[in-house]
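Report on one structure; see the data block that follows.
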Amino acid sequence: MRRSLLAATAAAAVLAAGAAQADEIRIGVLYPIAGTGAVYGEPAMHGHNMAVDELNAAGGILGKKIVSFARDTKLKPAAASAAAKELITKDGVDVLVGGLSSAVGLAISEVARQEGVVYVATIPKTIKLTTEKRHDHVFRTASHTDFEGDAMAQIVAQLGLKKICDIQLDYAYGHDLAAGIEKGLKRHAPDAEKVLDLRVKLGATDYNAFISQIMGAGCDGVTSGLWGSHFVNFAQQGSPFGLFQQIKYISGGEIASHEIAGKMKGDYPDNVWSNTYELWYHHHDPSHVAFQEALAARSGTGETAMWPVLAYIGVKFIAAAAEKAGSMDADALSGALKGMSISTPVGQRTIDPETHQADTGQFWGPMVRKEGADYRVMDPVTYIPAVIEE
Amino acid sequence: MDSIIQFVQQDLGNPGLAALLSNPSFAFIQLMNSFSQAMNLFIIAAGLSLIFGVLRVINFAHGAFYMFGAYIVYSVAQEWTGNFWLGVAAAGLGLAVMAVIIERGLFQYIYDKEHLMQLLLTFAVVLILSDVAKIIWGTDQYSVSYPAGMKGAVDLGVTFYPTYRLFLIVVGPAIAIGLWLFTERTRFGRLTRAATQDREMLSALGVNVPIIYTGVFILGSVLAGIGGGLAAPFNSPTPGMDATIIVDCFVIVIVGGLGSIWGSFIGAIIYGLVFNYGSVIVPNWQDVFPFLILLAVLLVRPWGLFGKPEGGNA
Amino acid sequence: MTRPVLAACAAVFLLLALVPLLESNYLIDLFNEIMIYALFALSLNVIIGYSGNVSFGHAAYFAIGGYTMAILLTTYEWSLLPAFAAAVAFSFAASAVVAYFCTRLTDIYFAMLTLAFSMLVWGVAFKWRSMTGGDDGFVGVDVPAFIAERVPFYYFSLVVIGAAVAVLWVICHSAFGRALLAVRENPIRAGFVGINTRLMRWWAFVVAGTFAGIAGSLFAMVHRGMYTESAFWPESATVLIMTLLGGMYSFFGPAIGAASLFLLERLTNEYTEYWPLVLGTILLAILMFLPEGLAGLAQAIRRQILRGR
């Protein structure tokens with residue numbers, strides 16, 4: 001008993017060996033990198049590392065080398081919370097960046113609040129992160145559910161849809177996006193009526209029961225935030241029913257990104273309007289060409305994924321804020337991030353000093369077949385800015 | 001009828017139930033959805049039940065077998081040959097090979113151990129296989145196309161219904177009857193049933209019991225592989241799909257009665273009906289229903305609807 | 001309590017009390033979590049090691065204790081003592097009800113029914129969003145000010161867990177514990193000598209559930225949050241593995257198992273992302289070669305040394 005405890009102490013001492021060094025900047029990175037969700041976390045890491053390498057090549061932050069400590073969030077809030085805490089207490093990171101899934105973002109933000117470390121949320125979109133759960137040390141460079149819902153409502157209005165069915169995942173993102181859509185519909189399409197509200201579990205696989213409910217409800221439009229494999233399964237099950245011939249499918253969750261379109265190829269359904277932060281084939285900002293080429297070289301595929309740019313921007317914001325603040329002190333960094341504005345491969349981004357939210361808009365459009373390609377592309381591409389007009 | 005619908009819609013405030021009552025074709029589609037979901041689950045659950053019936057091992061790794069089936073179909077059908085049916089055949093074959101390795105290499109040593117040991121051993125196999133799948137296929141999510149000629153829907157008169165799902169509704173009972181004929185009519189099947197009853201006696205009669213065990217384990221695992229393969233077009237192969245399916249299978253097998261093929265069949269149909277109609281009548285609680293059925297059955301009839309009471313009841 | 005055991009316990013307690021002197025927030029959190037999981041595993045062992053039933057849903061009571069604590073402290077702003085008492089009472093009540101049904105069964109059906117009940121608890125945590133936060137978890141627990149800092153909380157946790165383990169030890173080594181062992185070894189004979197076997201198994205279940213609830217309530221405070229995963233079945237499997245790894249036929253075995261598994265996971269995650277592969281292989285090795293767990297191994301080695309003398 002005693003012996004095993006001594007052994008445990010020794011092992012723990014080994015674990016705690018990484019003593020902080022004064023001549024480097026430590027960034028704690030939190031993405032799902034091993035199991036479920038790694039399909040997004042891995043590309044995000046590419047973007048993160050690309051930004052860090054660029055900065056280090058130019059002399060680092062405040063003349064110090066940047067070192068990243070990456071931990072797997074497993075796409076679960078409990079694991080993310082433990083990982084975030086360990087990054088701070090064990091690896092002594094100066095700042096946290098990342099997060100994928102709204103639930104994970106909220107969990108990391110809570111650790112950042114307790115431990116007094118700045119957290120830059122690059123992907124989570126739940127509105128709560130920058131409203132009721134906002135604190136002095138959390139900032140978001142991603143879009144959020146109110147922007148996304150508002151943009152979706154604009155599309156509903158453009159298409160003249162009248163009866164809307166809503167299907168969402170049963171966690172923070174789904175609930176908040178549904179609320180964002182509802183608010184947006186009041187603004188842009190007041191005569192559109194929501195007739196059905198469906199909630200499915202994160203990781204759900206069988207959608208037939210919901211598809212027939214949607215088809216039976218007689219709606220002409222579906223709003224949704226089913227992302228990733230949820231959308232793949234939903235589309236594969238809905239297509240044979242003729243669902244996508246009967247309704248227009250307006251979706252958040254970036255299912256217009258090339259990682260989905262390139263995977264589904266000919267199986268990608270008709271009548272989908274969706275969003276993405278970045279498209280490798282669309283050069284919105286002149287600097288995007290160079291960014292995309294560098295990313296292609298790094299990831300080894302010409303057609304690059306959308307997630308890297310989000311992680312990339314997060315790091316660039318931290319670097320700019322640190323240079324402005326002149327230190328990595330959490331309060332100084334937080335002060336510098338308020339109102340911080342930088343140019344990114346997808347345009348200028350500014351963080352609102354009050355809400356801690358960046359004005360991150362997204363590209364929206366219908367997914368259409370393209371001559372000579374076996375996957376669908378967004379055409380026309382419309383940038384909907386992060387502005388909500390009351 | 002109209003007054004009932006009105007009562008449900010307005011007084012009970014349940015638009016889902018009202019829609020089911022007022023729209024027969026909607027009610028019919030939910031019935032078909034129940035069956036098609038049930039039949040896919042049945043194929044997998046039947047394998048789990050079969051293995052338990054003979055080997056007395058609850059195989060947690062069954063979900064991982066299902067996941068391997070789906071991944072193999074992706075590799076063979078989507079990447080190499082483009083032929084879905086070749087993919088399903090490869091999934092069956094691949095699982096047969098895996099089953100031999102796992103049964104001979106591990107499971108044969110635990111048949112006379114406690115249930116806890118067995119349960120944990122199969123859990124160890126789950127952990128290992130999930131990472132092996134990750135090493136082979138990475139963490140990508142894949143999309144598998146429907147087989148040629150089954151992309152669309154068939155006109156059933158009242159409504160259109162997806163061809164592939166109809167195919168599942170047909171293939172499920174066919175497998176059930178096949179398994180039943182196999183256990184009732186073939187020598188191997190009769191020995192299998194005998195092995196369920198009394199292993200020592202069979203061994204004393206000169207029957208090679210280990211071979212029966214291996215055979216049953218292969219058969220059960222192949223069912224999981226084929227079930228996973230058949231699910232791949234509507235259930236994109238992705239890490240974690242093993243953990244989701246195994247819980248569903250447990251519910252079905254326990255509700256139907258461990259070891260009973262027809263029990264799994266009925267258990268799967270109950271599962272499908274409760275999930276599909278439940279999600280309409282009590283919206284958004286569908287994820288909790290399976291456990292309510294399981295609880296109800298365990299409280300009233302722990303050995304399941306078609307099982308036989310045994311030592312389990314103290 | 002025998003002298004060497006008492007001395008060893010005092011030594012461990014003292015060593016644990018010295019941990020904050022290392023001045024590492026990481027180590028304080030690490031040992032705090034290890035202690036919590038040790039208590040969790042010890043509590044499970046009352047069902048497995050002492051009454052001989054395998055619970056596959058023990059995480060449910062851990063989660064009930066944790067959620068009760070989190071919600072009462074934060075949403076209802078209760079003070080620590082009433083909230084803690086309520087957490088204990090809730091896990092007691094829940095396990096009392098579940099035990100009533102589960103003890104009618106044994107073996108695989110017992111395991112399945114415990115699993116079914118735990119999934120129901122998971123379902124409630126998952127769907128009751130307004131109260132529990134649903135799939136996002138209950139994030140941000142208001143820990144009372146006097147233990148809000150790391151070191152005071154660590155000592156609070158140490159005292160609570162130390163007391164809980166002591167009470168468990170007394171229970172398991174009382175006449176009740178011996179009667180339980182008799183039930184495990186031979187239920188029929190135990191029945192003949194006048195032991196109400198079902199009542200004994202009911203008590204074992206309730207004791208286990210209540211102490212799991214205590215562990216859960218501390219978990220909610222150390223993590224400042226509670227998540228649905230804590231009620232999901234893999235969590236029950238994890239604590240079962242801890243118990244088995246340590247050895248279910250010794251009182252302290254599960255605590256050693258919990259500590260080993262926890263440290264092993266942290267260490268493995270440093271070097272490889274394939275933790276499940278490592279855990280699976282370890283589990284396989286224990287089952288094949290060490291069915292009595294680490295405690296069994298230690299005893300075997302001791303016997304070997306004694307014989308060699």
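Chain naming here is simple, since letters A, B, ... match the order of the sequence lines and numbering starts at 1 in each. Worth saying up front: this structure is predicted, and the values here are computed from it rather than measured.
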Does the side chain to side chain contact (heavy atoms under 4.5 Å, CB included) test come out yes or no for C:L244 and B:M117, once each step is laid out? CA-CA 9 Å; C:L244 183 83; B:M117 297 290 178; 4.1 Å; yes
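- Using a 4.5 Å cut-off between non-hydrogen atoms, the part of residues 102-111 of chain B that approaches chain C consists of B:L106, B:Y109.
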Side chain to side chain contact (heavy atoms under 4.5 Å, CB included) between B:V251 and C:M119, intermediate numbers included: CA-CA 11 Å; B:V251 172; C:M119 292 308 290; over 6 Å; no
Dump the intermediate steps for ring-ring contact (aromatic ring centres under 6.0 Å, His included) on C:F56 and B:F60, then the final yes or no. CA-CA 13 Å; C:F56 220 84; B:F60 260 100; 5.4 Å; yes
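- A 4.5 Å side-chain heavy-atom check between C:F117 and B:F291 finds every atom pair outside the cut-off.
- Neither the backbone nor the side chain of B:I293 has a heavy atom closer than 4.5 Å to any heavy atom of chain C.
- The two residues C:A237 and B:F123 have their closest heavy-atom pair at CB-CZ, 3.6 Å.
- Looking at C:Y274 and B:I135, their side chains come closer than 4.5 Å, going by heavy atoms from C-beta outward.
- Comparing C:P234, C:P187, C:A116 by how many heavy-atom pairs each has under 4.5 Å with chain B, the most go to C:A116.
- Heavy atoms of C:W275 lying under 4.5 Å from chain B belong exclusively to its backbone.
- In terms of heavy-atom pairs under 4.5 angstrom with chain C, the leader among B:V288, B:V126, B:I128, B:I254 is B:I128.
- B:D131 and C:P276 make their closest contact through OD2-CD, 3.4 Å (heavy atoms, listed as atom of the first residue, atom of the second, distance).
- For C:R189, the CZ atom is loosely surrounded, since the number of other residues' heavy atoms within 6.0 Å does not exceed 12.
- Contact annotation: the side chain of B:L299 approaches that of C:L113 to within less than 4.5 Å [non-hydrogen atoms, C-beta and beyond].
- Looking at B:L119, only its side chain comes within 4.5 Å of chain C, counting heavy atoms on both sides.
- Of the two parts of C:I286, neither the backbone nor the side chain holds a non-hydrogen atom closer than 4.5 Å to a non-hydrogen atom of chain B.
- Contact annotation: the side chain of C:M112 approaches that of B:I58 to within less than 4.5 Å [non-hydrogen atoms, C-beta and beyond].
- Open room surrounds CD1 on C:I188; 12 or fewer heavy atoms of other groups in view lie less than 6.0 Å from it.
- Inter-residue side-chain proximity for B:K134 and C:L277 is flagged as unmet; no heavy-atom pair is nearer than 4.5 Å.
- Pairing each heavy atom of B:I246 with each of C:W233, the nearest pair is CG2-CZ2, 3.8 Å.
- Top candidate by heavy-atom pairs under 4.5 Å with chain B, chosen from C:I48, C:L115, C:I282, C:L287, is C:L287.
- Residue contact with chain C, scored on non-hydrogen atoms closer than 4.5 Å, involves the side chain of B:V247 exclusively.
- In this structure, chain C has heavy atoms under 4.5 Å from both the backbone and the side chain of B:L120.
- Within a 6.0 Å radius of CZ in C:F90, other residues, nucleotides and ligands contribute 12 heavy atoms or fewer.
- Taken from CG in B:L298 to CG in C:L105, the straight-line distance is 7.0 Å, to the nearest 0.5 Å.
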